[in-house]
Structures are given as C-alpha cells and as structure tokens.
Amino acid sequence: LENLCLCDWNRTWSAANPDLTQCFQNTVLVWLPCLYLWMCAPIYLIYLRSHNRGYICMSNLNKAKTAIGLLLWMICWSNVFYSFWQRHHGISVPAPVHLVSPTILGLTMLLATLLIQYERLKGVQSSGVMLIFWLLALLCATVTFRSKILQALDQPEMVCVWRYTTFYIYYTLLLVAFCLSCLTEQPPLFSQALKDLNPCPEPGASFLSRITFWWVTRMMIMGYKHPLEEKDLWSLNPEDCSQAVVPQIVHHWKTECQKVKRSGAQYKKKTLYSPTQIPKSEGKEGQPPEESEILIVKTDRKTKEPSLLWALCLTFGPYFLISCLYKIIHDILMFVGPEILRLLINFVNNSSAPSWQGYFYTALLFICTCVQSLILQKYFHVCFITGMRLRTAVIGAVYRKALVISSAARRTSTVGEIVNLMSVDAQRFMDLITYINMIWSAPLQVVLALYFLWQNLGPSVLAGVAVMVLMVPVNAVIAMKTRTYQVAQMKSKDNRIKLMNEMLNGIKVLKLYAWELAFKDKISEIRESELQVLKKAAYLGAGSTFTWVCAPFLVALSTFGVYVLIDEHNVLDAQKAFVSLALFNILRFPLNMLPMVISSMVQASVSLKRLRVFLSHEELQEDSVEHKAVAGCESFFIFCFFFLKLSVVRLNVCIPEGCLVAVVGHVGSGKSSLLSALLGEMDKLEGTVNVKGSVAYVPQQAWIQNSSLKGNIIFGQEWKEAWYQRVVEACALQPDLEILPAGDKTEIGEKGVNLSGGQKQRVSLARAVYCDRAVYLLDDSLSAVDAHVGKHIFDQVIGPQGLLKDKTRVLVTHGLSYLPQVDLILVMVDGEITEMGSYQQLMSREGAFAEFLHTYANIDHTDNSGETQKWGILQMYFNSPSSPVTMILINLLDADFCFRIVCKLKAKNSEVGKLTEADKASTGQVKLSVFWAYAKAIGVLLSCISLLLFLTHHLLSLFSNYWLSQWTDDPIVNGTQPSRLMRLGVYGALGLSQGEKLLLVFCLGVAVFGYSLFMSIGGILASRCLHESMLYDVLRSPMSFFERTPSGNLVNRFSKEMDTIDSVIPNIIKMFMGSMFGVLGACVIILIATPLVAVIIPALGVLYFFVQRFYVASSRQLKRLESVSRSPIYTHFNETLLGTSVIRAFGEQERFIHESDQRVDHNQKAYYPSIVANRWLAIRLEFVGNCIVSFAALFAVIARESLSPGIVGLSISYALQLTTSLTWLVRMSSDLETNIVAVEKLKEYSDTEKEAEWKYEHSSLPPGWPTHGCIEIRGFGLRYRPNLDLAIHNITISINGGEKVGIVGRTGAGKSSLTLGLFRIIEGAEGHIIIDGVDIAQLGLHELRSRITIIPQDPVLFSGSLRLNLDPFDSYTDEDVWMALEFSHLKTFVSGLPDKLSHECSEGGENFSVGQRQLLCLARALLRKTKILVLDEATAAVDMETDNLIQSTIRSQFEECTVLTIAHRLNTIMDYTRVLVLDKGEMAEFDSPSNLIAQRGAFYQMAKDAGLV
C-alpha cells in the first residue's frame, strides 16, 4: 500500500501536471473527514448536552440537511452492495478498499445525520463542527473529482460507470450539504432573542459569519451612515450580563473565605490543645507557658489569606481555556510562513522546478495566513469577552461588599480608593487578560523559532541565544522596578481621587472660605509626586524599548557573524539569511511582549492584592440585632451591650410596642450611636439587641438620591396614591411641591443640592413614613426645619396624634417642647443612659434632666396656635384652591411659600424639573483642535524631534536589511564569499546605530532610546499641563456648574480619563508611529523587489483606507458611548456609599445591587460592540495584508527568471511582516482617535462659564479692609439662573460697623440667597453691595471671600489633619489655633485626642459628631476673625446648651465685628441691634427687635409663634 500510495513522486510532485495515486484517493482522502468527525463527535456531544439552548422546530432547512445526509448514506451503501454484486457475479474481485472505505464513509454520514438532529434538539442554529466536516469532505472529494475527469479523458477504458456515477452524485450532494451548513437555523423556541427588541445577532449568526465577524457589518454600516446612538446598541448576551457573572465570582470567593476560616479554626484547635500539659511545670518555672502563648499568637497572626486569584480562575478559567487552544494553533501556524518562504527561495533558485509548484506555494501561503488571521481573531475575541466579564465581576463584587462592610473597615478605605478598584484596577485585569497567554506562548514561540533556526544555521544560533539570555535579567530588573513605581503611582492616584472627591463634595465651603488655591496646591502636590513616578517609569520604559528593538537585531548580527566567521565555507545565501530573518522577526514578538506582559502582570498583581484586601474586610455582624419577639416586652429589647470605640457602653432598656421614646443629651453623648447600634451598624461586643418588626431610619444628615422628589419618597416601594398624598401633607412638603418647577417630578441634584436643609430633612422623613414600617428611628429629624414646620411635623407625623401613632418611635431630639408629649425619655451622658422615665417622672426626680430643662425651657417654649391656624388655611387652599375666601385668607398670610403658590400655579412637567446634565457623547470626527491641543501640551519642538528620530531609526533598519539582501547575492568563489567581512562590518554598523545613543558625529542624533524617552516625557508634560488646566477650570466654575454636573462625571475625568492620558496615549502614539513607518518601509521594499505589485498596492490601499474610515466612524462613537455610560456607575456607587446605613436600614440592598448591575450592563452594551468591531476590522485588514503577501509571492513566481533570490527573500520577509504592521496601524490609529476623546472630554471644561477673577493684578484694596464692617446694600437683587425670576429684589439697607443683625423669614423668603449674594456665590442681577466704601462687584472673589467669614449651615470637614481643616494655608501659629479651639469649647476634646491637632479627620469628618463639626466651623471663624461674620442657620444641628455656648462666644469674641445671623431660633437674636425681616424676596421690616415687636408686624407674629411675646 505504501508503494502504491505515497511514493510515486514522478506522478505527483515532479510532473508538470500532477495527480495522486488511486490508492491514496481511496484511502487517505476518504478516511480523513471520517477520522475528523469520529474524533470530534464524543467531545461535541458532551458539549451539546451541557449547553442546551432550547428546542428548534423542524424547518425546511433542517429537513433538507437530514435528507441530504440520508442520501449520502444510501450512496455509500450502494457502493458497498455494488462491490458485493461484482464479487457475486465474478465480474472482477474488487480490492478490499472498495468495501472498507464506503462502509466507513456510510457510517460517518449516518453519524453526521444524527448529529444534525441532535443539534436541532439542543438549539444549535449553526454548527462549526459540521461545516468543517463538510468542507473537509468536499476538498478531499474535489481532488478525486479532478483525478476522475483526467482519467476519463486519458484512459476511457478504465472507467467504471457505476462508481463514476455514484461519485458524481456523492460530490454534488456534498456540495449541497456544504452550502446548507453555511445557512443558519431559526432561533430556538422561548429564546431570549425572540423577546428582545434589539438582540445581539451573534448567537443566531452562521458559523462562517461568526468566524469572519460578518454579523457585525450591519452595525458598522449604520455607524458609517449616522453617528451611533444608544438605541442602536444590541442587548448583552445573557451569559455576559451581571446577573450571570457576578453570582459566580461571589460564590467562589465565599467558598475560598470559608475554606480559610475552616483551616484557621482547625489550626486554632490544634494549637490550643498543645499547652494543656503545661500546668504541671507551672509551679517550677513560670516562663514556659508564657513563651508558648507568644508562639501561638505569632503563628496565628500568619493566617492564610483567601486566594482571590483561585476564585477568578474557577469563575473564568473554563471559558478562557478555549483561548489557549486557539493560541497553540496560531503559534504553530506562525512558523508555516518562513517554511514556505524557504520553499519559494528554493523554487526561484531551481529553474527546473515545474511552475505549478510556485503557484501552489503562493496559494498555500495565502490559505495559511488567512487561517492564522481567523484563529488569532477568535483568540482575541475569547480574551476580550473574558476581560469584559472579569470587569463586570470585579465591579459587582466590590459594590456588594461595600453594602455589607463594617463602619470600622469602611473608614480604612476611602471613596476614592473604592472607586479606583472599580475603574482603574478592573481595567488592569481587562488589559492583562488579552496578553496573559504570552506567559507560556512566548517561551513556546522562542523554542520553536530556535529549533527552526538550528535547522537553518546550526550551532551559530547559540550566539543569538546567549544575547537573548543576557537580555532576560535586564528586562526582569526593569519589570521589578516598574512594579515598585506602579504601587507608588496607585497610592498617589488614590489620594488624589480621594481629595478630589471631598473637594467636590465640599466645593461650596471651599468657595465661601476662598480655599480653592490651598486645595489646588495640595492636589497638584500629590499629582506632582505621581508624575515623578511616571517619569522614572518612562526612563525604564525607554531602556526597555531600547533592549526590545535591539534584541532581535543583535541576535541576528551575532548569529550571522558567528556563522560566517567560524568557517569560511559557510555561505550566507538568500535562503539561510531571509528564512532566519523571518524567524528572527517572529522571535521579536515574544521577546517584545514578555516584558510588557510581565509589567502588566505586575500591575495586575498590585490590583489583585488591593482588591483582595478590600473584599476581605470585616463585614457587619449579621447577628448583632435579632428580629424576634421577646418575652415580657412587645416591641424591642436592648440588653447589656457594649459597643466598640466606647460610643455606647452597657445599656439596659426595654421599650414597649407603640411607644414614642425621646433620646436627649449633649453633643457627642452617644445618641446617634445608640440608633446605629439598633440598626446593627456598630460592633457588638456583648449582650443582645432585639428589634421586633421592620425598621425605618431617618439619619441626622438627610441622604437624598439624585432622582425625582417622588422617587426619593417612594424609595422603591409599591405606589399608593392616597397614602402618598397623606404623607406629603403630613411632612409639610405640599407647599414645596408647589414651588418646585415640576412638582414632585422635579429632579433633585446630587446630595439634594437644589433643596434647602429643611426640605432635605422633610423628604428624608417622608421616605421613612411612606415605607410604613413597625419601628421608626429618627435621628434629630426636626433640627433642620423652622419651628412652626417642626411643630406641624411633630403633630402630624411623630406625635401621639400623628400618622405614626401606632408605631414604635425612637426620636433623638434637642427640641424640648416635644418632651411632655412623649411616653419615655432616655437621658444620655458619655455613652450611658443616666436617667430614664416619663417627662413627669424625670421632672419630679429633679436630677440632671430637670435642671437642664429649667435652664432652657424658656428658650424653646412655643405657642403654635397661630401657626396651626395658618396650616389649616393652607390645607383648605389645597382642597379648594379657587374659593374666593381662600384667596383672601392666602393674601393675609405672610409665609413666603403662600405667595409662591399663588404666583406659580402653572402646569408642571418633568422637563422643567431637570437639573443635572447627563454626560453627553459628542459625535462625528474628533476635531483637529483636540490633537493640536495635545501636541501643544507636549511641546511642538519635542514632537518634531521624536518624529525625526523615528524616521532615522526606520531608514537605518531598512537599509541594513537591503544590505543583507545584497550580501546574500554576492558571488561564491571556491565555496566562499570574498567580501563577507566588509558586508558583516557595514551590516553591524548600520544595525547598531539603530540602538546606539549617539551615532557618528555627523549622523542622525538619538534613535530608539531617544524617541521612546521623548515620547514618554512628552506624554508626562502633556498630562501635567492638561491636569493643571482642568483642575483650574473646574475650581473656577461657579456653584451652578457643580449643581448641574454629577460628581461622578468629574471624578471619572480625574481618574479614568486622566489615566488614559498618563499611560495609554503616549504608548499608542509610539506604536502608531512604529507601525506607520513599518508599513511604508515594507511597501517600498516590495515595490523595489517586484515593481508589478505597484498595480495592486493602490487598489488594496484604497480598500484599506475605506475599511479604516468605515471602522473608525463606528469605533469612535462606541468609545464615546462607553465613556458616557461609565460615569453613572461611579455616580451611583458614590451615592450608595454615602447612604449605606439608610439602604441597610430599609433593607433595600437587593434593589440597589440590581440598579448597579443594570448600569454596568448598560456600559458593557457599548463596550461589547467596540470589541467585536475591532475583530471585524482586524480580519478585513489582515485579509488585505494577506493579499499583499500573496501578490508579492505570486509576482516573484511569475518573474523568477529576472529576480535574484536575495531580493525575493527580502520582499517576502517584509511582506510577511506587513500584515501585522497594517493591523497595528489601523488599531493604533483608531485607538488614538478613540482615546484622544479623553483629551476632548478634559477640554470641555475650559469652555464652561467661569466665576469672576479670583484676584485682580492691580488691586487698590487697602491691606486691612474691611476696617469697620459697614455694609450698605442698595436696590440689590439676584436670580439663580438666567431664565428664572429674581429670588430677592429691591433690598436697600445700611448696616453700621459692629452691629449685630438678625435675618429672619419663612422658608424660601430669600435669607440664604442674600448671603450668597454677599459672598458673590451668585452674582447680583441688579443693585450694589458696598462694604466700607468698596463696591464688592469690583473686587476679586478671593479678595472678598477671604476678608469676610461665614459659619455655613452644613458643617463640612475634609480628610486630613484637624489643623488643615482649621488653617489650610498655615497662616496662624499653634497658639492661635488652640486659642480658637478654647473659645469654641473644643479644647478639652482635642487635648484628649492622641494626636491632638494632627488628629486625622476621616472622609467628610465622619469621626466627629455633627455638633462637633459645627463647633470646628466656629473655630475656623474665630481664627480668621474678620470684621464681618455671617452665621447661616449655623446652630440648627446642635443642642440648646451648645447653641448657648456658640452664641456667648460670638457675643464676646466678635463684639466689635458686624455679625449677620440667619436665625432658626428667634431667641438667639432677641438681643441683636437690629433684625431684617424678609418676605417674598423683599425687605418687609428692618429695625431693632423691641421696635419691631411694638410695631406688631411680621416679626411680632413670628415672635408670638415662638412664644417669645
């Protein structure tokens, strides 16, 4: 059989018209497809069984496939029966092969038919396994088909009619079967695609469409015709969605944690068991037991950490393993190119070889390169999908963890750090996944390359290996150092984002205090340290690039050098040189990639550790609060708990169901901590906490979501209109709804920026009431509202007659007027309950509570009969708004909102209520101005030098290879090349100059090292410039900008977009330039070698350009959509972190997790098409490249008579590189265009409106201004936005220096607006404000704001030392600071802190109570001690005693200053010089309190309401 089948070379290989032997055709060609299907079938059946996609109904296509399969089966069996018939009739004895082959083929066709049916039952719409089988069978049959035709023409007498007829029918059926297998079936019943409006076409696409990514074409066409929008994006495949991906990683991570816990518990058992014998020796020596204890502690501390890496491997490993299979196939195919090149050069050298061989090699080269392209793109597709799922998993896991993390652990991770885990670290994983396979693939490629090189050049290769081995430690050192820098950079980035986040949260305070520059400098300082690290990394990167580029060349030089020098008979001919060069080019890739992969792994390992640390943080104790009834107590029972940080110490209390309990005590006595304990937010050390029924919680500082007002109140509960109306009215929100532009559909900005403090608190309360829970925990929820509103809310909601009268209510309060109406009062001092009982019981005991009450009773006593009347009138108005009596009554009312109600009764629509602006995606091409802005940021000179160096390096590289081709064509004299030493010398000189830092004196400057360094340094300069200008632009923006722009957008700019500019864009530019020069160089060489290609290159160039523009249009827009949909993930996450306690209290975790998952999926919806668009492009471009390779080979075959082998070798080895260069060129050009969008986004903020200048250069302001503090306001008015009415107007007053002026008025009367005008937070629309003879509109903002002081309504602290919070510019001495703390009654507290003034404030000042924060704001004011002080409802959050302290401090310390106080509690301003009463944005009254009371006007009415007259 062997002789017959395989050895007739004269007939096959050497013949001008080759043909295969009959035996070969009847065995190998028949058995090959059969072998393939039988080998694949078991694996494929197992796969189908585990991946059931549903059931496909029998369609015409399926019937046709089945029928063809059965017909083929019948044809095969007919051949078997024909053989038996022949034998039976003795016509001829057929060879055994005529029985065996049709039998095997028949069984295979039956298997194929069964597989078709099984695929249908399992919902497979298009099968790759079957398509490859039919293709293989068809190709094998085509060879036999040609052979049979040739035989019929040459030897007609040998023709067997039956076999020929059945074969032609068989061939036709195979062709039909192949065509049918290219088509796709209908979707399975009940599949997701049927329900979806815009399903992803991938699952339903045919196999051919999937491997060529043809299914993406429709979107590309759409993107080319018009910019893609959100509605054009496909839905995510179910297996890529958060709900499919995240539970897997969470499950595996929990399993890992439990495994570690179990092993830890076992270990403890073992260690604790060992010391039991010790007591025997204890009498003799006391030392050993102690020693053994120390050992136990030490070993216990080194507990094994749960492995996040293993959890990730279990989750994504199985799918990712497919990529390894693709990679192996691709790596093997890579070496086919050089082998075919060797055969082609041999063919050109051998003039006697038949010309069909050349065409055969060309066709083989084309097929191999195309298959290689398809495999590579499938590999990348799997990698990118894994990366995408990994990112989803990381974000989902971090979000879920953030909801259960304990408060102590929460303080160790700032918002900035956690946001970075989701953005930067998740991105690092995605980047790594693409290249991680290089860890094993690179060594494999190196080994294969060296094997083929050894075949080619023998032991000389060892010289090259030595050079490579020397390079390894260099790269290893570089990678190690890079890791160190990476950690440092991430640390700086975390700190920067954290500070940025806080700055954005407290931007109003920064502006009021004129602290922008201090914080700008602080951020710039962190940024500078980050850039220093980047600069060091750039030097390393340049060194690394230097070694990468030089490594392949040095390897080639040393190998060729040793080869020609060890033996003069070693001739470097074209075959040896260019096959070796092609192999060295293959070698360049793994050598280049390894350092990149190692540094990428280093970055990812840093990220992995950060992520593991965060996910390992301790969680809230699930059992700290038990929800069950307790004997002898109906509602809930708190027994003996001892909470961490000594916030609450040993409490025993039992609260009956349906009780109203008030908790009172001084600032910092542990009232809020008590509620936190009841919510399970603190660490319980001992005792039990029982709460019967569900809980609602109203925090001290209202947490408001960025959604509509209605959404904030309903909070995910079922909609009940009647109940909603009752809640809104009871919480005094109805008047506010009338004022708001779109009623309850008005969008509330981030953290409730467009609501006053009182409105926020009422919305927060309404949310709790609407949710209708059994137990209500109210943390000082009445402090931020006006007295009359507070009274209304207490009566209507909290009190004995309120909506919650049957519920259990625990109210932390400073309002003493409510205490007589409560069932039980708990008095707290230093974390303990000192007294407990009803109001009467506590008064009769005459303890601390009674004394406290006598001191403050007269202050807070209220008589609200008049108020209740007004509220009654309002209720009446809402019930019958058109009644004339109501209208008259309304006109009599002086409350500002009544005026607004009458004025603004107009149709509401939700568009009017829009406030925040979502991030919009720009469309169309990126403007040249953006590229120009980046080039300017780098520096034009630096850009030009880099370009010149690139050009130099590539020209030298080209020339050295051209020289090599000339060398290989040198004539051979007596078996040697006489000029080999000269050739080697020049080759070496040219090549080394690519890598030398300095060329010869007159030569061309710095090359590789230079351009790499210049590009990186240029990138860093650009980063610095862009970050500085953006930071400045953002800080110069007015308050209205921050109200409109979600902080998530800004954080996204400063983290993700900045990271892109720091590290991504410089690398892309480097690769883009490299690829561009590579492509141009290759084209030049191919044109020199085979000028005929000039016919093809322009056509292919046009095709290439068209594909590239086609792609970039969609790719750029997808990148923008992805960038825009990324911000909401972080915005929502930020919002969640601020409200975790509320979310947990209401048990809404699942809803928030679902919302976060949806936002991530929405973002991935834009990311997924950009991945597949990349693959779509790569396949088409590589096809263009493969065509160029094939044409270069084809024209070399056609013109082989006139070409030297050296030139053919040079041309084809360059052509082989061209595919990669082309793909990289388009990838990099589109990446550059899509990533430069980051610069575009940063530049956006330079065009937004800005505040007035901070300082004018030629300021004529006297140094001590203001010296007297006289304020004159003339006809002043302002509006919040250009299209709104004036908020205050026509205010004319004169205030003398040193006067104390109170500003009062109902909610919305314009009290805060006036102070905003005074500080020019909002510029006046009319009139003037003159301070000490200077018009404030003529001043720089900092000149004004730094000379007057405010104690704002919301006390804001920044993370950092206490001293930084008081004096960020370091303008005062420590003595001054301590003095200020003493006067603000904080000296004792701060002295007791371990670090005193250096005590670290946590983010947002969370480690201080709200009252303490307010006192710190007072200390700030005392430090500045300016002539004008403004108090904006500054004492709303503090108890009576602290309020008294603040007021007495202000009276004594600011005696000579002008004080303006916006007052909640009228008693604080009764001794002021004058009082300004505002109403409807106008001045109603302005006189001394006694005169105003005598006039019996609006102020008298307020004083009467407050019980002061």
Side-chain angles (χ1 to χ4, degrees), residues 29-30 32-38 40-41 44-45 47-49 51-81 101-142 144-145 162-191 193-194 199 201-212 214-215 217-218:
L29 293 185
V30 173
L32 196 65
C34 301
L35 183 69
Y36 160 78
L37 193 63
W38 284 100
C40 288
Y44 188 44
L45 285 167
Y47 171 80
L48 286 178
R49 196 168 171 197
H51 291 72
N52 191 354
R53 295 191 184 89
Y55 169 89
I56 298 177
C57 295
M58 181 68 96
S59 61
N60 290 335
L61 177 62
N62 200 272
K63 287 173 187 168
K65 284 181 182 177
T66 311
I68 296 288
L70 291 170
L71 282 171
L72 283 164
W73 175 66
M74 288 159 69
I75 291 283
C76 296
W77 283 109
S78 69
N79 271 340
V80 174
F81 292 136
S101 289
T103 308
I104 293 172
L105 198 57
L107 290 170
T108 307
M109 291 305 166
L110 191 61
L111 174 65
T113 312
L114 293 172
L115 276 174
I116 288 168
Q117 281 309 308
Y118 193 60
E119 283 175 343
R120 181 179 69 80
L121 296 173
K122 292 294 178 185
V124 177
Q125 290 177 259
S126 176
S127 168
V129 172
M130 294 310 295
L131 185 127
I132 292 170
F133 166 69
W134 294 123
L135 177 64
L136 201 56
L138 189 65
L139 288 175
C140 291
T142 305
T144 313
F145 186 73
W162 174 266
R163 290 192 197 284
Y164 266 58
T165 309
T166 52
F167 177 77
Y168 291 145
I169 296 169
Y170 167 77
Y171 186 76
T172 311
L173 289 172
L174 273 184
L175 198 59
V176 175
F178 174 69
C179 294
L180 289 177
S181 69
C182 293
L183 303 174
T184 181
E185 285 279 5
Q186 62 196 37
L189 288 173
F190 316 117
S191 81
L194 297 171
E202 185 186 13
S206 69
F207 175 73
L208 281 177
S209 174
R210 283 212 301 274
I211 59 167
T212 57
W214 187 257
W215 55 273
T217 309
R218 187 183 293 175

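Predicted model only: the values in this text are computed from it and were never measured.
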For a quick test of your reading: what N or O donor-acceptor pairs under 3.5 Å do the side chains of residues 203-211 make, sequence neighbours left out?
unit_1: S206; atom_1: OG; unit_2: S209; atom_2: N; d: 3.2
unit_1: S209; atom_1: OG; unit_2: W215; atom_2: N; d: 3.1
unit_1: R210; atom_1: NH1; unit_2: A205; atom_2: O; d: 3.0

Sequence-distant partners of [X], side chain to side chain donor-acceptor pair (under 3.5 Å), two or more places apart:
{"X": "T217", "result": "W1176"}
{"X": "T172", "result": "none"}
{"X": "S181", "result": "none"}

Could you tell me the separation between the [atom1] atom of [X] and the [atom2] atom of [Y], rounded to the nearest 0.5 Å?
{"X": "R120", "Y": "S59", "atom1": "CZ", "atom2": "OG", "value": "8.0 Å"}
{"X": "L107", "Y": "L37", "atom1": "CG", "atom2": "CG", "value": "11.5 Å"}
{"X": "L71", "Y": "L173", "atom1": "CG", "atom2": "CG", "value": "5.5 Å"}
{"X": "L174", "Y": "I68", "atom1": "CG", "atom2": "CD1", "value": "9.5 Å"}

* **Test ring pair (Phe, Tyr, Trp, His ring centres under 6.0 Å) applied to Y55 - qualifying residues, sequence neighbours left out** =>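 In terms of ring pair (Phe, Tyr, Trp, His ring centres under 6.0 Å), with neighbours along the sequence ignored, Y55 is linked to no residue.
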
* Asked: Residues two or more places apart in sequence or in another chain: which of them pass ring pair (Phe, Tyr, Trp, His ring centres under 6.0 Å) with F178?
  ->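 F178 satisfies ring pair (Phe, Tyr, Trp, His ring centres under 6.0 Å) with no other residue.
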
Which atom of [X] lies closest to which atom of [Y], heavy atoms considered:
{"X": "M109", "Y": "C76", "answer": "CG-SG, 4.3 Å"}
{"X": "I56", "Y": "P188", "answer": "CG1-CA, 3.8 Å"}
{"X": "N52", "Y": "L121", "answer": "OD1-O, 4.1 Å"}
{"X": "S126", "Y": "T184", "answer": "CB-OG1, 4.2 Å"}

Going by the rule side chain to side chain contact (heavy atoms under 4.5 Å, CB included), which residues pair with [X] if we only count those two or more places apart in sequence or in a different chain?
{"X": "C34", "result": "W38, I104, L105, T108"}
{"X": "L183", "result": "L61, L180"}
{"X": "T144", "result": "Q25, L29, K148, F167"}
{"X": "V124", "result": "Y44, L48, R53, E119, S127"}

Let me have the donor-acceptor pairs involving side chains of residues 130-138, under 3.5 Å, with sequence neighbours excluded, atom names and distances please.
none

* Y36 side-chain N/O to V129 backbone N/O, donor-acceptor pair under 3.5 Å ->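 Looks like yes, one N/O pair under 3.5 Å.
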
* To do: Evaluate the side-chain proximity of M58 to K63: yes if any heavy-atom separation is below 4.5 Å, no if none is.
  =>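 K63 reaches M58 side chain to side chain.
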
* Which pairs count as side-chain hydrogen bond (donor to acceptor under 3.5 Å, both in side chains) when at least one residue sits in residues 65-77, sequence neighbours excluded? ->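 Listed by first then second residue: T66-Q117.
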
* Stepwise side-chain contact (heavy atoms from CB on, under 4.5 Å) check, R163 with Y168 -> CA-CA 9 Å; R163 290 192 197 284; Y168 291 145; over 6 Å; no

* Should the pair F145 and Y171 be assigned to parallel (<30°), tilted (30 to 60°) or perpendicular (>60°) ring geometry? ->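 Correct class here is parallel.
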
